[in-house]
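Below, all heavy atoms of this structure are taken into account, side chains as well, without hydrogens, waters or symmetry copies. Order of the sequence lines fixes the chain letters, A, B, ..., with proteins taken first and strands second; residue numbering starts at 1 for each chain.
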Amino acid sequence: MQEVVGCESTVSRGNIFLVIYCCLLLCFVCVGCGGSKSVQQTPPSELTASAEARKEPLPVTEPRPLDPFDVPKLSDLDKEASWIDRTVRDGLVLLRDSQSKEKELGPVESALAISNNSPESNDLILSALGRLPADGEADYSARIDRHVGGDLGSTNPIMISTSAEFDILGLTGFGLFSFGRDLEPFATSETVRTWQTSTDRMLDKVVLRDDLVWSDGQPITAHDIAFTFKVIMDPRVPVPAVRSGTDQLRWVEAYDDQTLVFFHKEALATNVWNINFPVLPKHIYEKTWEDDPTLKDSAEHVQLEQSPVCGGPYEIVERKRGQQIVLRRRKNWSSVQGKQVRERPYFEEVRFRIIEDPNTTLLALKKGEIHEMILQPEQWTTQTVGRDFYERNTKATAPEWVSFHFGWNIETIFFRDRRVRRAMSYAFDHDEMLEELCYSLYDPCAGIFYPGAWMASTKKLDPYKQDLDKAEALLDEAGWIDRDNDGVRDKEIDGRIVPFEFSIIVNQQPLRIAICTLLKENLDQIGIRLNVRPVESTVLQDLTLNRKFQAYLGGWGSGTDPDTSENLWKTGAMRNFCNYSNPEVDRLYAEGRQEFDRSKRAEKYGRIQEILYDDQPYTWLYWRNSFYGFSKDVRGYVFSPRGPYHYSPGFGSLWKPQQE
Amino acid sequence: MSQEKIRVTEEIDAAKPSRGFWSDAWQRYRRRPIGMLALGFVLFLTIVALFAPAIAGTKPVICSYKGDLYFPCLGYFNRSWESPIFTKDKFRGTYPKNLKQKDPESWAVWPLVFQDPYRRVRENEWPGRRENPSRDEGHPNRLNLFGTDQYGVDIFAKMVHGTTIALLVGFVSMGLAGSIGVLVGALGGYFGGWVDMITSRLTEIVMCIPTLVLILALIAVVEKPTIWKTMAIIGATGWTGIARLTRAEFLRLRQTEFVMAARATGAGSLRIMFRHILPNALAPVLVPITFGIASAILIEGSLSFLGFGPPPPTASWGSVLNSARSNLQLWWLVVFPGVGIFLTVLAYNLVGEGLQEATDPRLREAKK
């Protein structure tokens, strides 16, 4: 659930040569679970590293076939285990409750009339336009045109990996669990009747509702979920992302059509996330998957790819590659045999328009061809202030837990020494970056957790400020001195004089390149030569995964649980690109997972943050907030730390008012 | 006495050989005003490129510091040509303040325009001077003649320093292409037979290689992509036209009497090829080289425009155009580099056309 965000999408992209990977880039950060109110999945570790890993599966730990499991009888389980009831909720109801307690800051008309140019106006817009509809206010036959930055790699829910896929499959996929704006997990009442966990936390028992059907009319049962677990865990199936987490489960057993038990390997605080994975229709795939474990090559799978059988509130009715994907609300989702059993989603049709270039996207928004989009800092500040924008649209911003950093490869001779890494952080002109390059829109970042979040350290960790004197003193101390008098610092290593000259790899995006260029300017002043090397995002991904770099600029989206950052910092972890290793951090992660008391967990993660702050394996740069443009017809957007869509209800809370 | 002298001079005059091919061509070229104008523009660009650090920069052209003379502006050409004394001792490469502060006796001659092509000039960097505007506020003004880009870097400085790249790309890549092309064409045309067979097929194969795709691949693979490698690729793939022309000329000329005469006197193949045939074959070859320079400049421009140009923060015209893509309202990011590229390419094409007409006897006849 940690994602690399390399792509702060940008400013200029999209031209014929870049097309190939543009689609990757633009998909943007937002990891996550797309957002109908009912179906929410925690995004499994998604590597968006500056582009989403689209085709290649993430090299997760070698998958092994499942060991056979001696399934105990349900009656025996019930006898032995004592069950605790867990929360089953409706995300939309939750949101309505919390909104009823909030104070309304003003009427809709005044929010629509103002420009968003101050925190107050932003608050008013969020408060007035973010509200859910009163009875009869919403237009249930409305259509919304959404923007995605790249095409889908696959419509198969277990192949989910990029944020575009999370956006779309979140609406068409079936799921049992979700989490709210506060990132608290729950089972969703639209699909689940009861959810219980055993006191030893080794078992989770879920009873499904019996009024669920796939889009082809077949019932959705517990067997679908048990079947999907087996498919995901089969090493022959190239599952890019969802296997991590799911592989912490020992077994999933369907005792009857509704009753399902998840068996865990260990009692972990993260088990509640591990039981959340996408679901395939068993009656479709059980006949075909053994013959074609890739799930996309055989004729049947190609056909399914084009028109998949969906279990969520929407189904895919049209898919034009590279252009658009049209979803329509499923009748048999909300009503079964003529009886309404669930609330209808607000939109009858959701049309995803695929546009890669941010400028083209903004033009489309201004013309009313799309109804929402993510705005770049430059667009927010300079291109969405005039009448041409406010005529049809408005915009809103909120904090988002996405941070960017320079990563220093600790295995290189330059960055082995902590003093050198700190010198880098002191050398960089953070203020110039925040104010000039980032238009003062982003907040400074000092560590891995968002300040004020429950897992963040309570100590005051100040973001680094430029201090060239300190940087030079640290470098001198670490032995990097210009001995041969050529203007470049050097150090004798194994009898060889090594000049302090290194490269930083970065995505082909103007803002990122400008940040690296600023670092180059700063380092040049203290006698260090930096080569800025912009690379294609897939190359960046490859180089970082294989640790073939000296420094890089990248970003991470935040997972729902702090434990998801373990794969960034644990010794030898997959995405520990910088080769950071600290036994204390490893231990704290392991302890944090086994601890169930939130305040005690928070202490452990806070300690990790402090250690990392001292060690500076990254130079943290900024938190990238959410910036969205919305059509004035659209209401109900509410931002979470993961943006406006990727939680429950997320997209499910958006609606359009009735036209008079 | 004096009469004799006059006679001698007359004799010398009479003995003066008729104008050679090249001076003849030059005479003809000089009569074309547009061609001369274009040539003048190319010369002007060359001067700008050579003196770029003295035209726009933040490092003194020449300065006296602690009793020694330095030329810090050379650091713009090569970082190591700037004396290390200016990075030590907390000098940190900021000249205006530190020179006076650390050595009150020092003096300096500054570039015409105090702006840097690689970074934003900050407040009070030059005493009493405001900082460069950034975002969308960088309209052309007194201090930023051509405006600034979104990050506050001066466009005039970028354009001036970018001239070096624009010219280098043309000369280096076409120099390389010319050498390869002439060599391959000469071998094929002179020897004929299986040699010709091999060189012709080689030419055809290279013709099929798309330059842009090759460069993109190179950028992905090479550890430190530089503008030189880009030039090398443009050169290594752009020689095919030159080779074919050279081959045709050699095929024609090797049958001529003077070549036979040379062979009869026992001249070796290499001598005949390069001493006797090549000078006579050069005229038609020069023309595609000139056009090649223009197209190389365009290739570099489009590469930088796509973001595959020389590594940042190298200033190049194409990269300025690239920064305009995100916000087309900043017209100065489009107009100045656009006009620069347009004029340069036009100038080279006019020079090429002039050369063609000045050297091609048929066109010469037609003109009369």
Would you call A:Glu435 and B:Arg120 a salt bridge, taking side-chain N to carboxylate O under 4.0 Å as the test? no
Residue selection (most heavy-atom pairs with chain B, distance under 4.5 Å) from A:Ile513, A:Asp524, A:Ile505: A:Asp524
Taking all non-hydrogen atoms of both residues into account, name the closest pair between A:Asn485 and B:Pro84 and its distance. O-CG, 3.3 Å
Give, as side chain, backbone, both or neither, the part of A:Thr517 having an atom under 4.5 angstrom from any heavy atom of chain B. side chain
With the threshold set at 4.0 Å, does a side-chain nitrogen-carboxylate oxygen contact exist between A:Asp429 and B:Arg119? no
Given heavy-atom pairs under 4.5 angstrom as the criterion, report whether the side chain, backbone, both or neither of A:Arg489 touches chain B. neither
Please flag which part of A:Glu432 lies under 4.5 Å from any non-hydrogen atom of chain B: side chain, backbone, both or neither. side chain
Where do A:Tyr439 and B:Gln150 come nearest, in terms of heavy atoms and distance? OH-CB, 3.9 Å
Greater than 12 external heavy atoms within 6.0 Å of B:Phe77's CZ: yes
Tell me, for A:Asn522 versus chain B, whether the close heavy atoms (under 4.5 Å) come from the side chain, the backbone, both or neither. neither
Do you know which of A:Ile526, A:Leu543, A:Asp469, A:Thr381 has the most heavy-atom pairs under 4.5 Å to chain B? A:Asp469
A:Asp486 bridged to B:Arg79 by N-O distance under 4.0 Å: no
So B:Ser80 and A:Arg529, do their side chains get closer than 4.5 Å, heavy atoms only? no
Name the region of A:Leu518, side chain, backbone, both or neither, that has any atom closer than 4.5 Å to a heavy atom of chain B. side chain
Hey, does A:Gln525 have a side-chain heavy atom less than 4.5 Å from the side chain of B:Thr94? yes
